Amino acid sequence: MTNTEALVPPGEPVRAEVVPEIAAQLPERIAASGRLQVGVNTPYAPNEFKDDDGTIVGFTVELLHALGDVLGLDIVVNEADFDRIIPAVQAGTYDMGSSSFTDTKEREETVDFVTYYSAGIQWAQRVGEPVDPENACGLRVAVQTTTIEDIEEIPAKSEACEAAGLPPIEKIKYDSQDEATNALILGRVDALSSDSPVTAYAIARSEERIESAGPVFDAAPYGWVVAKGSPLGPVIQQAAQHLIDSGAYGEIAERWELEDGMIATSLINAAVS
(Lines give C-alpha, C1' and ligand atoms only; values in the text may rest on other atoms or scores of the structure.)
Protein backbone atom coordinates (compact mmCIF):
# COMPACT_ATOMS: atom_id res chain seq x y z
CA MET A 1 0.00 0.00 0.00
CA THR A 2 3.02 2.30 -0.25
CA ASN A 3 3.96 2.26 -3.94
CA THR A 4 2.24 5.18 -5.64
CA GLU A 5 3.52 4.74 -9.18
CA ALA A 6 0.21 3.35 -10.42
CA LEU A 7 -1.68 6.23 -8.82
CA VAL A 8 -0.01 9.02 -10.79
CA PRO A 9 -1.43 9.36 -14.31
CA PRO A 10 1.06 9.24 -17.19
CA GLY A 11 1.89 12.42 -19.05
CA GLU A 12 2.42 15.98 -17.96
CA PRO A 13 0.14 17.80 -15.50
CA VAL A 14 -2.39 20.21 -17.00
CA ARG A 15 -1.37 23.85 -16.67
CA ALA A 16 -3.15 27.14 -17.43
CA GLU A 17 -2.37 30.70 -18.51
CA VAL A 18 -2.44 33.75 -16.28
CA VAL A 19 -5.64 35.83 -16.46
CA PRO A 20 -4.54 39.40 -15.60
CA GLU A 21 -8.01 40.73 -14.81
CA ILE A 22 -8.48 38.03 -12.16
CA ALA A 23 -4.92 38.25 -10.82
CA ALA A 24 -5.30 42.02 -10.43
CA GLN A 25 -7.93 41.43 -7.73
CA LEU A 26 -5.61 39.54 -5.39
CA PRO A 27 -5.02 41.00 -1.93
CA GLU A 28 -1.91 43.18 -2.09
CA ARG A 29 0.08 41.08 0.38
CA ILE A 30 -0.38 37.89 -1.63
CA ALA A 31 0.23 39.57 -4.98
CA ALA A 32 3.45 41.12 -3.68
CA SER A 33 4.72 37.80 -2.35
CA GLY A 34 4.02 35.99 -5.62
CA ARG A 35 3.01 32.93 -3.62
CA LEU A 36 -0.07 31.24 -2.22
CA GLN A 37 0.66 29.31 0.96
CA VAL A 38 -1.61 26.26 1.11
CA GLY A 39 -2.05 23.70 3.89
CA VAL A 40 -2.49 20.10 2.72
CA ASN A 41 -2.80 16.79 4.56
CA THR A 42 -1.54 13.49 3.14
CA PRO A 43 -2.08 10.70 2.32
CA TYR A 44 -5.57 10.95 0.86
CA ALA A 45 -5.17 9.52 -2.63
CA PRO A 46 -6.16 10.37 -5.29
CA ASN A 47 -6.71 13.90 -4.02
CA GLU A 48 -3.56 14.57 -2.01
CA PHE A 49 -0.68 12.14 -1.52
CA LYS A 50 3.08 11.77 -1.99
CA ASP A 51 4.60 10.16 -5.05
CA ASP A 52 7.58 7.84 -4.80
CA ASP A 53 9.93 10.84 -4.75
CA GLY A 54 8.11 12.37 -1.77
CA THR A 55 6.47 15.15 -3.79
CA ILE A 56 2.88 15.99 -2.82
CA VAL A 57 0.69 15.30 -5.84
CA GLY A 58 -2.91 14.40 -6.65
CA PHE A 59 -6.03 15.59 -8.38
CA THR A 60 -6.57 18.54 -6.06
CA VAL A 61 -2.88 19.44 -6.06
CA GLU A 62 -2.78 19.54 -9.86
CA LEU A 63 -5.90 21.68 -9.79
CA LEU A 64 -4.20 23.98 -7.27
CA HIS A 65 -1.19 24.53 -9.51
CA ALA A 66 -3.47 25.35 -12.46
CA LEU A 67 -5.29 27.80 -10.16
CA GLY A 68 -1.94 29.37 -9.35
CA ASP A 69 -1.23 29.73 -13.08
CA VAL A 70 -4.46 31.72 -13.54
CA LEU A 71 -3.50 33.98 -10.63
CA GLY A 72 0.14 34.32 -11.62
CA LEU A 73 1.21 32.79 -8.30
CA ASP A 74 3.48 29.96 -7.22
CA ILE A 75 1.60 27.44 -5.10
CA VAL A 76 3.52 26.50 -1.95
CA VAL A 77 2.15 23.21 -0.64
CA ASN A 78 2.68 22.84 3.12
CA GLU A 79 2.06 19.43 4.64
CA ALA A 80 0.06 19.66 7.87
CA ASP A 81 -2.16 17.64 10.18
CA PHE A 82 -5.72 17.69 8.86
CA ASP A 83 -7.26 19.11 12.03
CA ARG A 84 -4.71 21.94 12.20
CA ILE A 85 -5.28 23.33 8.70
CA ILE A 86 -8.45 25.34 9.35
CA PRO A 87 -7.03 26.93 12.54
CA ALA A 88 -3.85 27.78 10.57
CA VAL A 89 -5.93 29.47 7.87
CA GLN A 90 -7.80 31.41 10.55
CA ALA A 91 -4.48 32.48 12.09
CA GLY A 92 -3.06 33.56 8.73
CA THR A 93 -0.32 30.92 8.71
CA TYR A 94 -1.75 29.61 5.43
CA ASP A 95 -3.63 31.62 2.83
CA MET A 96 -5.77 28.61 1.97
CA GLY A 97 -6.50 25.05 3.03
CA SER A 98 -6.84 22.33 0.43
CA SER A 99 -7.35 18.88 1.86
CA SER A 100 -10.60 17.45 0.52
CA PHE A 101 -12.58 19.56 2.99
CA THR A 102 -16.31 19.00 2.76
CA ASP A 103 -18.15 22.32 2.81
CA THR A 104 -20.52 22.15 5.79
CA LYS A 105 -22.77 24.67 7.53
CA GLU A 106 -20.85 24.17 10.76
CA ARG A 107 -17.48 24.85 9.16
CA GLU A 108 -18.90 27.88 7.34
CA GLU A 109 -19.42 29.53 10.73
CA THR A 110 -15.66 30.01 11.06
CA VAL A 111 -14.20 29.94 7.50
CA ASP A 112 -15.33 30.37 3.90
CA PHE A 113 -15.28 27.69 1.21
CA VAL A 114 -14.75 27.93 -2.55
CA THR A 115 -16.21 24.79 -4.12
CA TYR A 116 -14.41 22.74 -6.77
CA TYR A 117 -15.80 19.18 -6.70
CA SER A 118 -18.72 17.07 -5.49
CA ALA A 119 -17.98 13.92 -3.50
CA GLY A 120 -20.15 11.49 -1.60
CA ILE A 121 -19.46 8.83 1.00
CA GLN A 122 -18.70 5.25 0.04
CA TRP A 123 -17.97 2.23 2.20
CA ALA A 124 -15.59 -0.62 1.41
CA GLN A 125 -15.52 -4.21 2.62
CA ARG A 126 -13.26 -7.22 2.23
CA VAL A 127 -14.09 -9.23 -0.88
CA GLY A 128 -16.71 -11.84 -0.08
CA GLU A 129 -17.53 -10.38 3.35
CA PRO A 130 -20.56 -8.17 2.68
CA VAL A 131 -21.40 -5.19 4.85
CA ASP A 132 -24.51 -3.00 4.68
CA PRO A 133 -23.74 0.66 5.51
CA GLU A 134 -27.39 1.12 6.51
CA ASN A 135 -27.32 -1.86 8.87
CA ALA A 136 -23.88 -1.74 10.48
CA CYS A 137 -24.76 -1.83 14.18
CA GLY A 138 -22.08 -3.59 16.19
CA LEU A 139 -19.49 -3.50 13.40
CA ARG A 140 -16.00 -2.01 13.53
CA VAL A 141 -15.68 0.76 10.94
CA ALA A 142 -12.44 2.53 10.06
CA VAL A 143 -12.36 6.27 9.36
CA GLN A 144 -9.67 8.90 9.01
CA THR A 145 -9.70 11.20 12.01
CA THR A 146 -11.61 14.52 11.79
CA THR A 147 -13.16 13.70 8.41
CA ILE A 148 -16.91 14.01 7.81
CA GLU A 149 -17.15 10.26 8.25
CA ASP A 150 -15.52 10.57 11.67
CA ILE A 151 -17.36 13.59 13.04
CA GLU A 152 -20.79 13.26 11.43
CA GLU A 153 -21.66 10.12 9.46
CA ILE A 154 -20.59 7.29 11.76
CA PRO A 155 -21.72 9.01 15.00
CA ALA A 156 -25.19 9.58 13.50
CA LYS A 157 -25.47 5.97 12.35
CA SER A 158 -24.25 4.71 15.72
CA GLU A 159 -26.77 6.85 17.63
CA ALA A 160 -29.55 5.42 15.47
CA CYS A 161 -28.38 1.92 16.38
CA GLU A 162 -28.53 2.67 20.09
CA ALA A 163 -31.91 4.36 19.75
CA ALA A 164 -33.20 1.12 18.22
CA GLY A 165 -31.78 -0.92 21.10
CA LEU A 166 -28.93 -2.30 19.01
CA PRO A 167 -25.18 -2.21 19.71
CA PRO A 168 -23.39 0.96 18.53
CA ILE A 169 -20.95 1.06 15.67
CA GLU A 170 -17.38 0.82 16.93
CA LYS A 171 -15.64 3.68 15.16
CA ILE A 172 -11.90 3.05 14.74
CA LYS A 173 -9.99 6.25 13.95
CA TYR A 174 -6.75 6.40 12.01
CA ASP A 175 -4.45 9.33 11.36
CA SER A 176 -4.21 8.53 7.64
CA GLN A 177 -6.39 6.93 5.01
CA ASP A 178 -3.64 4.41 4.20
CA GLU A 179 -3.79 3.15 7.78
CA ALA A 180 -7.59 2.80 7.60
CA THR A 181 -7.35 0.87 4.34
CA ASN A 182 -4.65 -1.44 5.69
CA ALA A 183 -6.76 -2.10 8.78
CA LEU A 184 -9.61 -3.32 6.57
CA ILE A 185 -7.34 -5.48 4.42
CA LEU A 186 -5.76 -7.05 7.52
CA GLY A 187 -9.14 -7.77 9.15
CA ARG A 188 -8.77 -5.35 12.04
CA VAL A 189 -12.07 -3.69 11.08
CA ASP A 190 -15.18 -4.86 9.25
CA ALA A 191 -15.47 -1.91 6.87
CA LEU A 192 -14.15 1.54 6.10
CA SER A 193 -16.02 4.71 5.29
CA SER A 194 -14.44 7.49 3.26
CA ASP A 195 -15.10 10.06 0.55
CA SER A 196 -16.12 8.34 -2.68
CA PRO A 197 -13.02 9.15 -4.79
CA VAL A 198 -10.75 8.04 -1.95
CA THR A 199 -12.60 4.76 -1.45
CA ALA A 200 -12.48 4.09 -5.20
CA TYR A 201 -8.72 4.58 -5.26
CA ALA A 202 -8.23 2.44 -2.15
CA ILE A 203 -10.13 -0.36 -3.87
CA ALA A 204 -8.10 0.07 -7.06
CA ARG A 205 -4.78 -0.33 -5.20
CA SER A 206 -5.90 -3.22 -2.98
CA GLU A 207 -5.11 -6.00 -5.47
CA GLU A 208 -8.75 -7.16 -5.34
CA ARG A 209 -8.71 -7.63 -1.57
CA ILE A 210 -11.41 -5.04 -0.87
CA GLU A 211 -14.48 -3.90 -2.79
CA SER A 212 -17.28 -1.34 -2.54
CA ALA A 213 -20.02 -1.96 0.00
CA GLY A 214 -22.92 -0.35 -1.78
CA PRO A 215 -23.37 2.86 -3.78
CA VAL A 216 -22.16 6.41 -3.16
CA PHE A 217 -24.45 8.45 -0.89
CA ASP A 218 -24.71 11.90 0.73
CA ALA A 219 -22.98 13.86 -2.04
CA ALA A 220 -21.64 17.26 -0.90
CA PRO A 221 -19.17 19.83 -2.22
CA TYR A 222 -15.46 19.90 -1.60
CA GLY A 223 -14.17 23.41 -1.00
CA TRP A 224 -10.93 25.30 -0.65
CA VAL A 225 -10.79 26.96 2.76
CA VAL A 226 -10.05 30.68 3.18
CA ALA A 227 -10.39 32.96 6.18
CA LYS A 228 -13.92 34.10 6.98
CA GLY A 229 -14.77 37.17 4.94
CA SER A 230 -11.39 37.20 3.22
CA PRO A 231 -11.20 39.10 -0.11
CA LEU A 232 -9.19 36.14 -1.38
CA GLY A 233 -12.33 33.98 -1.55
CA PRO A 234 -14.00 35.74 -4.52
CA VAL A 235 -10.69 35.79 -6.42
CA ILE A 236 -10.21 32.04 -5.93
CA GLN A 237 -13.82 31.48 -7.02
CA GLN A 238 -13.28 33.46 -10.25
CA ALA A 239 -10.05 31.57 -10.98
CA ALA A 240 -11.79 28.24 -10.35
CA GLN A 241 -14.66 29.21 -12.63
CA HIS A 242 -12.16 30.19 -15.33
CA LEU A 243 -10.58 26.72 -15.12
CA ILE A 244 -14.03 25.18 -15.47
CA ASP A 245 -15.04 27.36 -18.40
CA SER A 246 -11.71 27.00 -20.23
CA GLY A 247 -11.79 23.21 -20.07
CA ALA A 248 -8.61 22.84 -18.00
CA TYR A 249 -10.64 21.65 -15.02
CA GLY A 250 -12.24 18.90 -17.08
CA GLU A 251 -8.86 17.82 -18.45
CA ILE A 252 -7.48 17.50 -14.92
CA ALA A 253 -10.51 15.54 -13.71
CA GLU A 254 -10.26 13.24 -16.73
CA ARG A 255 -6.53 12.69 -16.11
CA TRP A 256 -7.32 11.49 -12.61
CA GLU A 257 -10.48 9.57 -13.69
CA LEU A 258 -12.66 11.71 -11.42
CA GLU A 259 -15.16 13.05 -13.94
CA ASP A 260 -18.16 11.81 -11.92
CA GLY A 261 -17.81 14.57 -9.34
CA MET A 262 -17.15 17.49 -11.67
CA ILE A 263 -19.11 20.69 -11.05
CA ALA A 264 -20.23 23.32 -13.57
CA THR A 265 -20.14 26.31 -11.22
CA SER A 266 -17.76 27.17 -8.41
CA LEU A 267 -19.56 28.78 -5.47
CA ILE A 268 -18.66 30.38 -2.17
CA ASN A 269 -20.23 28.59 0.83
CA ALA A 270 -22.50 26.08 -0.89
CA ALA A 271 -22.97 23.65 2.02
CA VAL A 272 -26.06 21.47 1.89
CA SER A 273 -26.01 20.60 5.60
Side-chain angles (χ1 to χ4, degrees), residues 13 16 18 22-23 25-51 54-117 119 144-148 150-151 175-177 195 198 220-243 252 266-271:
V18 64
I22 300 177
Q25 300 176 53
L26 283 165
E28 184 176 348
R29 176 186 60 82
I30 293 174
S33 74
R35 298 178 177 181
L36 196 68
Q37 299 285 346
V38 184
V40 174
N41 175 254
T42 65
Y44 208 56
N47 300 337
E48 308 96 10
F49 62 100
K50 292 181 180 178
D51 65 14
T55 303
I56 298 177
V57 297
F59 162 67
T60 307
V61 178
E62 185 169 331
L63 196 57
L64 269 176
H65 286 296
L67 191 83
D69 292 340
V70 173
L71 298 173
L73 298 174
D74 291 328
I75 299 297
V76 181
V77 177
N78 301 276
E79 187 173 12
D81 291 343
F82 184 85
D83 57 358
R84 295 184 179 179
I85 294 175
I86 286 180
V89 170
Q90 292 174 298
T93 305
Y94 302 140
D95 301 309
M96 189 164 78
S98 178
S99 201
S100 303
F101 285 103
T102 299
D103 182 1
T104 68
K105 295 291 188 184
E106 182 178 2
R107 285 173 172 165
E108 284 178 5
E109 293 177 4
T110 56
V111 289
D112 288 336
F113 286 82
V114 179
T115 63
Y116 63 88
Y117 194 74
Q144 181 175 344
T145 186
T146 68
T147 59
I148 287 297
D150 173 23
I151 62 178
D175 289 335
S176 76
Q177 188 59 41
D195 293 357
V198 175
Y222 278 161
W224 286 308
V225 177
V226 296
K228 192 69 182 173
S230 169
L232 179 62
V235 185
I236 297 297
Q237 185 273 329
Q238 290 179 58
Q241 191 61 49
H242 174 79
L243 290 175
I252 295 170
S266 174
L267 300 171
I268 296 177
N269 295 340

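Because the structure is predicted, anything quoted here is derived from the model rather than measured. Heavy atoms only: backbone and side chains are in, while hydrogens, waters and symmetry mates are out.
- Between Asp95 and Arg35 there is no salt bridge, since none of the side-chain N atoms of the basic residue sits less than 4.0 Å from a carboxylate O of the acidic one.
- Ring planes of Tyr116 and Phe59: tilted class, angle from 30 to 60°.
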Walk me through whether Leu232 and Leu26 qualify under side chain to side chain contact (heavy atoms under 4.5 Å, CB included). CA-CA 6 Å; Leu232 179 62; Leu26 283 165; 3.9 Å; yes

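- Remark: Arg84 CZ is loosely packed, at most 12 non-hydrogen atoms of other residues, nucleotides or ligands lying under 6.0 Å away.
- A donor-acceptor pair under 3.5 Å is formed between the side chain of Gln237 and the backbone N or O of Ser266.
- The two residues Ser98 and Trp224 come nearest to each other via the heavy atoms OG-NE1, 3.0 Å.
- Taking all atoms of both residues into account, the shortest heavy-atom contact from Ser176 to Pro43 is CB-CD, 3.5 Å.
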Could you walk me through whether Ser100 and Glu48 pass side-chain hydrogen bond (donor to acceptor under 3.5 Å, both in side chains), step by step? CA-CA 8 Å; Ser100 303; Glu48 308 96 10; 3.0 Å; yes

Between Glu108 and Asp103, is the side chain to side chain contact (heavy atoms under 4.5 Å, CB included) condition met? List the steps. CA-CA 7 Å; Glu108 284 178 5; Asp103 182 1; 2.6 Å; yes

For Phe82 and Asp150, what are the C-alpha separation, side-chain angles and deciding distance, and is it a side chain to side chain contact (heavy atoms under 4.5 Å, CB included)? CA-CA 12 Å; Phe82 184 85; Asp150 173 23; over 6 Å; no

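- Between Ile30 and Val235, every side-chain heavy-atom pair lies at or beyond the 4.5 Å cut-off.
- Within the 4.5 Å cutoff, the side chain of Tyr117 has no heavy atoms near those of the Asp195 side chain.
- Heavy atoms only, all atoms of each residue included: Val114 and Gly233 are closest at CG2-O, 3.6 Å.
- The nearest pair of heavy atoms linking Ala239 to Leu71 is CB-CD2, 3.9 Å.
- Nearest heavy atom pair, residue Ala66 against residue Ala16, reads O-CB, 3.8 Å.
- Across all their heavy atoms, Gln25 and Gln238 have their closest contact at OE1-NE2, 2.9 Å.
- With hydrogens and angles ignored, the 3.5 Å screen pairs a side-chain donor or acceptor of Asn269 with a backbone N or O of Phe113.
- Between Leu64 and Met96, some side-chain heavy-atom pair lies under the 4.5 Å cut-off.
- When atom types are taken as modelled, the side chain of Ser99 and the backbone of Asn41 share a donor-acceptor pair closer than 3.5 angstrom.
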Decide yes or no on side chain to side chain contact (heavy atoms under 4.5 Å, CB included) for Leu243 and Leu67, but give the supporting numbers first. CA-CA 7 Å; Leu243 290 175; Leu67 191 83; 4.1 Å; yes

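- Side-chain atoms of Asn78 come within 3.5 Å of backbone atoms of Val38 as a donor-acceptor pair (strictly under, hydrogens ignored).
- Between Ile85 and Val225 the shortest side-chain heavy-atom distance does not fall below 4.5 Å.
- Looking at Thr102, its side chain never comes within 3.5 Å of a backbone N or O of Tyr222 through a donor-acceptor pair.
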